Structures are given as structure tokens and as C-alpha cells.
Amino acid sequence: MNAGGPAFDIKDCTLLTKMSGLPPVFDVRDLRDRIAVCRPSVIYHHYCETPLSPSFDYPDFRNDFAVWSKRQLEDNILAERLGMIDPYTFNSMEDLRNYTLDVIDERLCEIHTVTSVEPGHEFYFQDAITIIFDTGHVIHDPSELQNVIPMLTYGSVYYHFLEARRRTRGAVDDFSIWMENFGKEWEPYIEALRSIDFLFYTLPELKQELTSVLRRTKGTL
Amino acid sequence: MPLSVDFYTDVVGAPVIDQLRRLGERLKGVNVVHVNSTREGGGVAEILRWLVPLMNDLGLDAKWEVITGNEPFFSVTKSIHNGLQGYPVVLQKKDWDLYEDVNAQNNERLSQILEEADFVVIHDPQPAAQMKLMRNRRKGIWIWRAHIDISRPYYHVWRNLKPFVQDFDASIFSLNSFAQILPHEQFIIRPSIDPLSEKNRPLDKKYIRDVADSYNLDRHRPILVQISRFDRFKDPLGVIQAYKIVRKVYPVQLVLAGSGATDDPEGQEVLDEVMEAAADDPDIRVLLLPADSHLQINALQRLADIIIQKSTKEGFGLTVTEGLWKGKPVIGGDVGGIRLQVVSHYTGYLVNSPEGAAHRIRYLLHHRSKMRQMGNTAREYVKDNFLLTRNLREYLTLFLYLLKERGYSLYV
């Protein structure tokens, strides 16, 4: 059934990390030098793809640079500044790179000594390959979404809710953009989805939050 | 019944299985040959035991071949293995000649299978010479999968091995710190465990009690367990030292259990040293188990209050993953893949000495609720990230990517 708007094709993605070819980082100067020259996809990986990488950890911060600054470099100020960068608010990876370099340069002016981490605690610049594919599942009506989200893989959640921000107008998620096709009644849902502070969720948490937000919004109408 | 990804639906959920099936559809009929050096013992054989049948279940045509060799060959490969992990070993030209000769004998038997493969995955250094020995390498994409910690290899060993691995099309390492300077792409695939294998599946309480009784373990006193090969890098003597410090104040029992591997001739020597260190202490059990003792190992891990993995070098440390999957805190050496799995104060503790291990054992024994909390956290992380379904997905992703790079038309 088509309720008046286009159908929504659910896609999935898988990610595999690979070495960037850059030497490892032992201090903040190394970090700056590598960020200045690495490929844009490397910056994207360390800022945005962290939730898709297998981990045993529940870090305070949601990008790899901030996590390393806190855990290994033990520079909490740098970690806090890097940790609050929202990569999806930048127009390009170059803008994000330049902003990151500014943050690091400012910190380099403040510190008296540049300390190095012990071998084994260095930072490795990585890149990733992402394969995106159709799942064959299609949704025709936004009301189906609440029941479909629990059935999505983390790859689908990542692709439609986080990665979408790179390729959609207004840097928003695929679900809310699709809902715009279905009239005013879906506006509260659109607003609710766009209000999710996604930077602070792991993918399992985000999946749960998406379902909860849709359920809560339905309850208030 | 052949192993199928569908068996894992209850553990990981239908979406994960559906995702694997969709990736498999795009690789239908692709011929993959895995080669390693043993069918029994050690983490690689365990991985291949599920990886190969599951690839077949998803529609690929996967095979598992094992190179054979004599005792001198495996002594050389053990030295190579130790050298890659940073141990200064002496290997002479005759040793490298033997390495190549035995690989050449195997290549006569394997060359046709390897020639026909779309992908050849060579596991660890033992069979790495296979690619260089191929006279007719027509279409296959060759991948070297290094499972061991070669972050700081003994240079003379790495220098001699590198010519055998540098011409591969890609390599896979378990951690980014293990990657070396090589002229091809290097991917990171973390290992995983099989939640339905005999080593990890749920066991009934009676069986666990029977295992405790059979090894004369007192279930009312704390039990520390380290499961690993008898290998110097696993530091079993350090574990005994830590146990002895704890034993002065706490009535703990220690189990050191492992099986021998056909490609590890050094194991007996280490076992003898361990037996000597454990002699006269009735609360230490040193168990050399047959290679197929998976259920006993599973039970021992479930009997443990704390899992120990005090390695001084470690590739990934699947025994750590197994312990965490069973909801146990792990005290592990601050090395290799253990660092990735044991997050101090969260899933266990990383330690750097027998004294450090003893300190953390005592701390946990005094904080039982912390142990339970760590165990619950650990199990969830393993479920989301370190089960074989993730590992399998990453292999499929790699195959799709490499085929695409070679210009094969694939709809993804």
C-alpha cells in the first residue's frame, strides 16, 4: 500500500577498517601533522564511523581523536574540545580538518611540554571501506517505521540515521526526510527524530531511542 | 547436519542473519581456499572449523587445506612464530631452506586447488611460502591472514619472512598495531568466537558439577582459571606466582588447562616447568587436555570466579573473549588484543606483573557485586561485536571489495 508518498527502500551497510599508511602517533604534534595530510576519508572514519567499529568500550566521547586524547595522552582539555565537535555540522571534510587543526594548534600554544605516550598506546590512523546494499525491504507508510526499526541491523541504523547526514539537504536523517512527503500529521515525528542528540548514543542505544521516540510521539498525539 | 548461519538467529537476531545471506548472495559460487598448519589446537583451527562451513552455507565454495610437515619443520615455524612476536631466535639459512622445502612439498599437493581458487587465505607464517611457490597463479586473489602479534618482530625473522608475504594482494591483521610496512592494503579484522560451539554453548548445571568433581575442585572456594596452550608467552609461571601471593590470604584454587597443538613442539618443555612450579600444591590443577576437550574447557570457564589470561604477548586472545561471553571478569596481560577486550574497571583489569594480577584478583574477590556487573557488561559487548557473525560479515565485505577493485561487476 502506498499512503501518498514514495516508498522507503531500506539499505544496509557493512564496514571494514584498513590501515591508512600513515605512521603511528605518539604525541599531539604527531596528531596534528597526520591530520593535516591524511585523506578526507580518514578524517571521516575517525569522526563518524566509530560507532560501527567493534569495541568493548563505552567511551565518554564519540570520536577517536577525543577518546585517544583522554585515554592515552591524558590531556583532558584537548579531549573535551575535540569531543564536542559535531562532524555533521561541517560542509566538507576539509572544513572539519581545518577546524580540528585550529583546536589542536590552540592547545599546543597552551601546553608547556609535549608528552609522548608509551609504545603500545599510540594512535593509528585508519581508513575504512563501506559496502552499501539493498535489503529488499520496503516501507510504504511512516506508521510502519516504529515496528520496522527493531528489525534493522546496526548497519541500517547507521546508514539511514547517521551517514545520511553527509548526503541529505540540511544534514538530517533519511527517515524524517521521507516523512516530509506524507503531510502535516507527521511533523511532530519529524521534529522528534531531528531532536535526538545522536552524538551520545551507541548504535544499540540509538536503535532503542528511535523506537522510543516514535512511540512517545504517538502517545502525545 | 551441516553448520548453518540460521542456527545463530536466536543469539544475534534475524536482521544479522538476513544481512549475511544478502552479502552471501553476491558472492555465490566464489571459490575460497583457507590454508593453515593444523586441524587441532590453537585459535586458528577453531576459527576455520566454523568459518569454512558457514561460508559454504552462504553460497560460497569454501575449502580448508592443511600443510603437513615433520618435527624439524614445526620447530622452525615455531621459532618463526616466536621471532615474529619479538623473541630473539636464531634461524640459519638451512632453517629457512627447510621452511621453503616443506612448503614446496605441500605445494605439489595443493597447487591445483590453489590455482583454481578465487581467493586463497593463508593463515599465519607456516604456509606463507605457498604463494611464492606457485608456478601458475592465474586468477586468485591471495590474502595473508596474520593472527599473531607482530607489532615488534625480531628483525632478522621478519626480514626473512617478508619476501614471502609482500607479494600477496592484501593482508589481514587482528589489531592495527600488528600491521607492518607492506606494499599492499592491510585490513583489520578482529577475531571472534562461536557462541554455539562446544566451548561456548550453555551447559547444564549437572555437567558443570561433574567436571568440578572430576578434577576434585571445591565449588565453595574461589576458582581462578587460565585456559591456554603451555607456551612461554602465556606466562603460566607468572600466573602461579600471582596465585601464590593471593593464596597467602585467600583460599583460592588455580586451574591451568590447555591442550597441545601439533605445530607446537615447545609445549612439553613449558608444561614440565609448570608442573615443577605447581608441585606439592594441592590447590593447583595443571591439566593437559586432549584437543577435543571443548566441553570440559567450557565447564572450567563457567566454574571460574575470575578468568586469567596473563600473556606477555598475545595475538587477540580468544580465551579472553570466551571468558567474557560467560559473564566472567578477566584479569589479562596488558598486551595485544587483550587490551582491546579487557577495559580496566569495566570488563576486568589489565596487569603488567604477577603482583599486579594478585592485587586485582584480591580486589575482585572482595567486591563480588563489581564482578557480576563486569560480567554482564562483558557479555553484551561480546554479543554485539565479537561473535563469529561479525567476523564472517567482514570477510564477505573484504571479498566484495577486492573483487570490485579487480573490476568484477557486482551489484552491491
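These figures come from a predicted structure and were not determined experimentally. Proteins get letters first, then strands, A, B, ... in listed order; numbering begins at 1 in each.
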Participant: Pick out which of A:Lys11, A:Arg167, A:Arg169 makes a salt bridge (charged side-chain N to carboxylate O under 4.0 Å, His left out) with A:Asp174.
Facilitator: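 Among A:Lys11, A:Arg167, A:Arg169, the one meeting salt bridge (charged side-chain N to carboxylate O under 4.0 Å, His left out) with A:Asp174 is A:Arg167.
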Participant: Measure up the B:Phe119 and B:Phe399 rings against each other and bin them: parallel (under 30°), tilted (30 to 60°), perpendicular (over 60°).
Facilitator: parallel
Participant: To the nearest 0.5 Å, what is the distance between CD (A:Glu80) and CG (A:Asp75)?
Facilitator: 9.0 Å
Participant: If you tally heavy-atom pairs under 4.5 Å against chain A, which of B:Glu185, B:Arg339, B:Arg21, B:Arg393 wins?
Facilitator: B:Arg339
Participant: May I ask you to list the residues in residues 113-129 of chain A that approach chain B closer than 4.5 angstrom, counting heavy atoms only, ordered by number?
Facilitator: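 Only A:Pro119, A:Gly120, A:His121, A:Glu122, A:Tyr124, A:Gln126, A:Ile129 of residues 113-129 of chain A have a heavy atom under 4.5 Å from chain B.
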Participant: Return yes if some donor-acceptor pair links the side-chain N/O of B:Arg145 with the main-chain N/O of B:Val121 below 3.5 Å, else return no.
Facilitator: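 It does not hold such a pair.
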Participant: Please report the shortest heavy-atom distance between B:Phe386 and B:Pro191, naming the atom on each side.
Facilitator: CD2-O, 3.6 Å
Participant: Are A:Tyr154 and B:Asp384 close enough that some pair of their side-chain heavy atoms sits under 4.5 Å apart?
Facilitator: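 Yes, their side chains come closer than 4.5 Å.
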Participant: Report which part of B:Arg152 has an atom under 4.5 Å of a heavy atom belonging to chain A: side chain, backbone, both, or neither.
Facilitator: side chain
Participant: Checking heavy atoms, do the side chain of B:Ser151, its backbone, both or neither come under 4.5 Å from chain A?
Facilitator: neither
Participant: Looking at side-chain heavy atoms only, is the closest gap between B:Ile122 and B:Trp142 below 4.5 Å?
Facilitator: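 With C-beta onward as the side chain, the pair touches.
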Participant: Within 45° of the six-membered ring axis of A:Tyr44 and under 6.0 Å from that ring's centre, is NZ or CZ of A:Arg166 located there?
Facilitator: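 Verdict for A:Tyr44: a cation-pi partner in A:Arg166.
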Participant: Would you say B:Glu380's side chain and B:Thr377's backbone share a donor-acceptor pair under 3.5 angstrom?
Facilitator: no
Participant: What pair of heavy atoms forms the shortest contact from A:Ser69 to A:Leu78, and how long is it?
Facilitator: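 Answer, listing the atom of A:Ser69 first, then A:Leu78: OG-CD2, 3.6 Å.
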Participant: Find the one option among A:Thr130, A:Leu203, A:Thr17 whose heavy-atom pairs under 4.5 Å with chain B are most numerous.
Facilitator: A:Thr17
Participant: Kindly confirm or rule out a cation-pi arrangement of A:Arg97 over A:Tyr47, judged by NZ or CZ under 6.0 Å from the six-membered ring centre and within 45° of its axis?
Facilitator: no
Participant: Between chain A and each of B:Thr397, B:Leu396, B:Asp18, count heavy-atom pairs under 4.5 Å; write down the option with the most.
Facilitator: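 When all of B:Thr397, B:Leu396, B:Asp18 are compared, B:Thr397 has the most.
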Participant: Does the side chain of A:Glu49 come within less than 4.5 Å of A:Tyr158's, by heavy atoms?
Facilitator: yes
Participant: Is it the side chain or the backbone of B:Gln186 that comes within 4.5 Å of chain A heavy atoms, both, or neither?
Facilitator: both
Participant: Using heavy atoms and a sub-4.5 Å threshold, report which of residues 18-42 of chain A line up against chain B, by residue number.
Facilitator: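 Answer by number: A:Lys18, A:Met19.
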